[in-house]
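Since the structure comes first, as structure tokens, the remarks are kept for the end.
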Amino acid sequence: MQLNFIPQAEVRSLLGPAQATAAIMDALVTGLDPAADSARGIVPLTEGQFLIMPAEAAGYAGVKVATVAPNNPSQDLPRIQALYLIFDAQTLTPQAVLDGTALTTLRTPAVSIAGILPVLTQRSTPLRLAVFGAGQQGVGHVDTLTEVMEGRREIENVTYIVRNPGRVSLPPSAAGEVVALGSSAAAEAVAAADVIVCATSASEPLFDSSLVRTDVIVVAVGSHEPHVREVDAALCGRAQVIVEDVPTALRESGDVIMAIAEGTLTAEDLIPMKDVANGVVRLDPLRPVLFKSSGMSWEDLVIAKAVVQASTKSNAVAR
């Protein structure tokens, strides 16, 4: 059996950020229910974890096998690495293997922007962004937001907030100021931001939510563990909290779990993203919005399917 391997560069060239966001939105509005997704499998390893993420939808089945190695960054290696295997759902015949890290880098911001798109598009004023973390996910969220909002809202400025600014090297395409976590510049960026992105491995809140605007949009994507969080309970209590799926959030999303434990939020307050995408719930643009994502298997499958279909089309044209 000879499988098509789609490497990192090809994943990026076959499907852009706006196309990935559209694929997520299309899946949600055409009936995909995140509640039917398989739970993530977590297998402890000596130096980290295996994450096993299977899914089936729309004629395909797939599984992502990811590794999380907390010590890798000290060796200049990625903390998370992955491969994705996609199958035809009818015959269960393997169709392709994709670079899973590139897939995750593409799908995570696509899911985030899909989750907040209805409220983002309620206004046309330029956006000021404060981004905690300047890695692939931090930069990826800015790239995705920029491409999706092209022609609708300009990006006025971007401030990346990190622990060690001197160690950050942004890609040439990523314009923005880099400031230190805890600095006055970071606090000013948070207070001015229309959108705050948290894409870190932090285990404690990254900022004081009393600083934020009443109409701020916050995206938190850094963890899938119940004992860590990037935002404080006070923000969860003030905000309209959108999650991919309520049971998944109650199992995996520490930001949500700890806010409920501290009494500022209830499970009944949580809003499934499919209800936002389908217009079942309309968000109040004058209240904060928090989109908390822990990552789900269906999202990888939706993006993998779009990449494989784009690859098939490209190969057909080449022939």
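- Scanning for salt bridge (charged side-chain N to carboxylate O under 4.0 Å, His left out) contacts around Arg40 gives Glu252, with sequence neighbours left out.
- Here the shortest heavy-atom pairing between Leu286 and Asp284 reads N-OD1, 2.9 Å.
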Using the rule given for side chain to side chain contact (heavy atoms under 4.5 Å, CB included), can you reason through Leu14 versus Ile6, listing the C-alpha separation, both sets of side-chain angles and the distance that settles it, and then say yes or no?
CA-CA 10 Å; Leu14 287 168; Ile6 304 178; 4.1 Å; yes
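- Scanning for salt bridge (charged side-chain N to carboxylate O under 4.0 Å, His left out) contacts around Arg123 gives Asp215, with sequence neighbours left out.
- No continuous path of hydrophobic side-chain contacts links Phe291 to Leu206 [ILVMFWY only; heavy atoms under 4.5 Å].
- Screening residues 161-172 for side-chain hydrogen bond (donor to acceptor under 3.5 Å, both in side chains), with sequence neighbours left out, gives no hits.
- Looking at every heavy atom in both residues, Pro109 comes nearest to Gln137 through CD-OE1, 3.3 Å.
- When the side-chain contact (heavy atoms from CB on, under 4.5 Å) test is applied to Ala261, no partner is found at least two apart in sequence or on another chain.
- Scanning both residues, Asp99 and Pro7, for their nearest heavy atoms gives CB-C, 3.9 Å.
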Test Leu270 against Leu250 for side chain to side chain contact (heavy atoms under 4.5 Å, CB included), laying out the working first.
CA-CA 10 Å; Leu270 301 178; Leu250 295 175; 3.9 Å; yes
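- Scored by the ring pair (Phe, Tyr, Trp, His ring centres under 6.0 Å) test, Tyr160 finds no partners at all (sequence neighbours excluded).
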Run the side chain to side chain contact (heavy atoms under 4.5 Å, CB included) test on Glu47 and Asn71 for me, step by step, so that the C-alpha distance in whole Å, both residues' side-chain angles and the decisive distance to 0.1 Å come before the verdict.
CA-CA 8 Å; Glu47 296 296 337; Asn71 295 326; 3.5 Å; yes
Sequence neighbours left out, cut at 3.5 Å: what donor-acceptor pairs do the side chains of residues 181-199 make with other protein atoms?
{"residue": "Ser183", "atom": "OG", "partner": "Ala180", "partner atom": "O", "Å": "2.6"}
{"residue": "Ser183", "atom": "OG", "partner": "Ala186", "partner atom": "N", "Å": "3.1"}
{"residue": "Asp194", "atom": "OD1", "partner": "Arg213", "partner atom": "NH2", "Å": "3.2"}
{"residue": "Asp194", "atom": "OD2", "partner": "Arg128", "partner atom": "N", "Å": "2.8"}
{"residue": "Asp194", "atom": "OD2", "partner": "Arg128", "partner atom": "NE", "Å": "3.3"}

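- Every salt bridge (charged side-chain N to carboxylate O under 4.0 Å, His left out) that Arg107 has, sequence neighbours left out, goes to Glu299, Asp300.
- Annotation: side-chain hydrogen bond (donor to acceptor under 3.5 Å, both in side chains) contacts involving residues 72-89, sequence neighbours excluded, comprise Asp88-Thr91.
- Not counting sequence neighbours, the partners of Leu85 by the side-chain contact (heavy atoms from CB on, under 4.5 Å) test are Leu3, Val63, Phe87, Pro94, Val97.
- For Glu230, the salt bridge (charged side-chain N to carboxylate O under 4.0 Å, His left out) criterion is met by no residue, not counting sequence neighbours.
- Looking at residues two or more places apart in sequence or on another chain, you find no side-chain hydrogen bond (donor to acceptor under 3.5 Å, both in side chains) involving Gln49.
- Every pair passing side-chain hydrogen bond (donor to acceptor under 3.5 Å, both in side chains) that includes a residue from residues 138-153 is listed here, sequence neighbours excluded: Ser112-His141, Thr125-Arg153.
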